[in-house]
K.L.:
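First, the structure itself, so that you have it in front of you.
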Amino acid sequence: MSEIILTCYELAASCLPSAIVATAFLRRARRRPQLRELAGMAFFIAYIAAVLHITGAGTLPGGMRRGMQHLDQCNFIPFLNGTDPLQCLLNAALFVPFGCFLAEAFIKNASAPSDRRAATPAKRPANRHERDVAYLVKATLAGFAFSLAIETSQLLTNRVFDVDDLIMNALGAGVGCAIMLTDTRVRQSNFRRETALTNAEPEMSSEIIKLAGITAAVFLGRLLFFDEMGAAAIIFGF
């Protein structure tokens with residue numbers, strides 16, 4: 001029972017701020033959200049919270065109790081001590097869904113009509129290859145940035161910053177994006193139809209901003225409000 005209470009506290013600290021941010025995005029859209037959209041947003045919030053739990057992302061209350069890790073104990077040289085294939089695979093696999101979510105956001109943006117795109121000066125349309133490469137680069141960089149935030153926060157705990165995790169996480173995000181883009185192309189080919197996705201320019205969209213805002217809210221919620229040791233002391237009485 002005590003473990004359940006601690007887990008619920010962690011989920012509340014991580015997810016409640018992001019739920020507020022997600023609600024703000026939905027209200028800004030000024031339309032009634034579809035059930036599928038709500039379910040997808042809830043799943044994304046749960047996924048980000050799970051990633052932070054699995055990776056042991058640091059928190060400010062924890063850092064105040066334990067102090068920061070010394071930088072000389074961190075690994076900044078890629079694969080300095082060799083590689084553990086299974087660990088590398090797990091680190092990459094953890095961020096594959098992140099890349100899939102990003103690719104889906106890119107696709108929604110490219111497929112939907114955009115008044116802002118029409119108002120801008122005409123540019124040479126990006127072909128499929130150029131556009132997909134741009135999406136892959138953006139997804140990999142986003143995975144790198146998210147992983148960097150996690151690895152940096154771990155300096156507040158007894159865990160260390162490891163550039164190997166950073167590389168594999170970013171690679172996993174790129175792989176996830178590639179899987180989603182490939183799946184979209186296959187489905188388009190099967191139905192023998194083209195959409196606005198074909199020649200759309202890669203750009204920042206409301207969907208990407210929404211994912212970034214929710215990710216930041218989950219991360220900051222855990223960073224600021226989750227005090228594992230303090231809660232454990234109250235729950236377990238030590």
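These numbers come from a predicted model, not from an experiment.
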K.L.:
Indicate the ring-plane relationship of Phe98 and Phe44, choosing parallel, tilted or perpendicular according to the 30° and 60° boundaries.
P.N.:
parallel
K.L.:
Is Val51 close to Phe146 at the side-chain level, that is, under 4.5 Å between some pair of heavy atoms?
P.N.:
yes
K.L.:
Supply the atom-to-atom distance Leu89 CG to Thr83 OG1, rounded to the nearest 0.5 angstrom.
P.N.:
12.0 Å
K.L.:
Say you draw a straight line from CG of Leu181 to OH of Tyr135; how long is it, rounded to the nearest 0.5 Å?
P.N.:
8.0 Å
K.L.:
Do the side chains of Asp132 and Arg185 get nearer than 4.5 Å, heavy atoms only?
P.N.:
yes
K.L.:
Quick one: are Gln154 and Thr157 in side-chain contact, heavy atoms under 4.5 Å?
P.N.:
yes
K.L.:
Can you find a heavy atom in the side chain of Asn75 that is under 4.5 Å from one in the side chain of Asp164?
P.N.:
yes
K.L.:
Under a 4.5 Å cut-off applied to non-hydrogen side-chain atoms, are Ile214 and Phe219 in contact?
P.N.:
no
K.L.:
For Phe79, does the CZ atom have more than 12 heavy-atom neighbours from other residues, nucleotides or ligands under 6.0 Å away?
P.N.:
yes
K.L.:
Answer yes or no: is there an ion pair linking Lys108 with Glu37, defined by an N-O contact shorter than 4.0 Å?
P.N.:
no
K.L.:
Rounded at 0.5 Å granularity, tell me how far CZ in Phe225 sits from CD in Glu10.
P.N.:
15.0 Å
K.L.:
Please report the interatomic distance OG1(Thr215) to CD1(Ile48), rounded to the nearest 0.5 Å.
P.N.:
4.0 Å
K.L.:
Are any non-hydrogen side-chain atoms of Phe95 and Ser147 less than 4.5 angstrom apart?
P.N.:
yes
K.L.:
Once rounded to the nearest 0.5 Å, what's the spacing between atom CG of Asp162 and atom CE of Met168?
P.N.:
11.5 Å
K.L.:
Between His53 and Thr7, is the side-chain contact (heavy atoms from CB on, under 4.5 Å) condition met? List the steps.
P.N.:
CA-CA 10 Å; His53 174 78; Thr7 301; over 6 Å; no
K.L.:
Does the side chain of Asp227 reach to within under 4.5 Å of the side chain of Thr59, using non-hydrogen atoms?
P.N.:
no
K.L.:
So, taking the atom named CG in Leu26 and the one named CZ in Arg32, what distance separates them when rounded to the nearest 0.5 Å?
P.N.:
12.5 Å
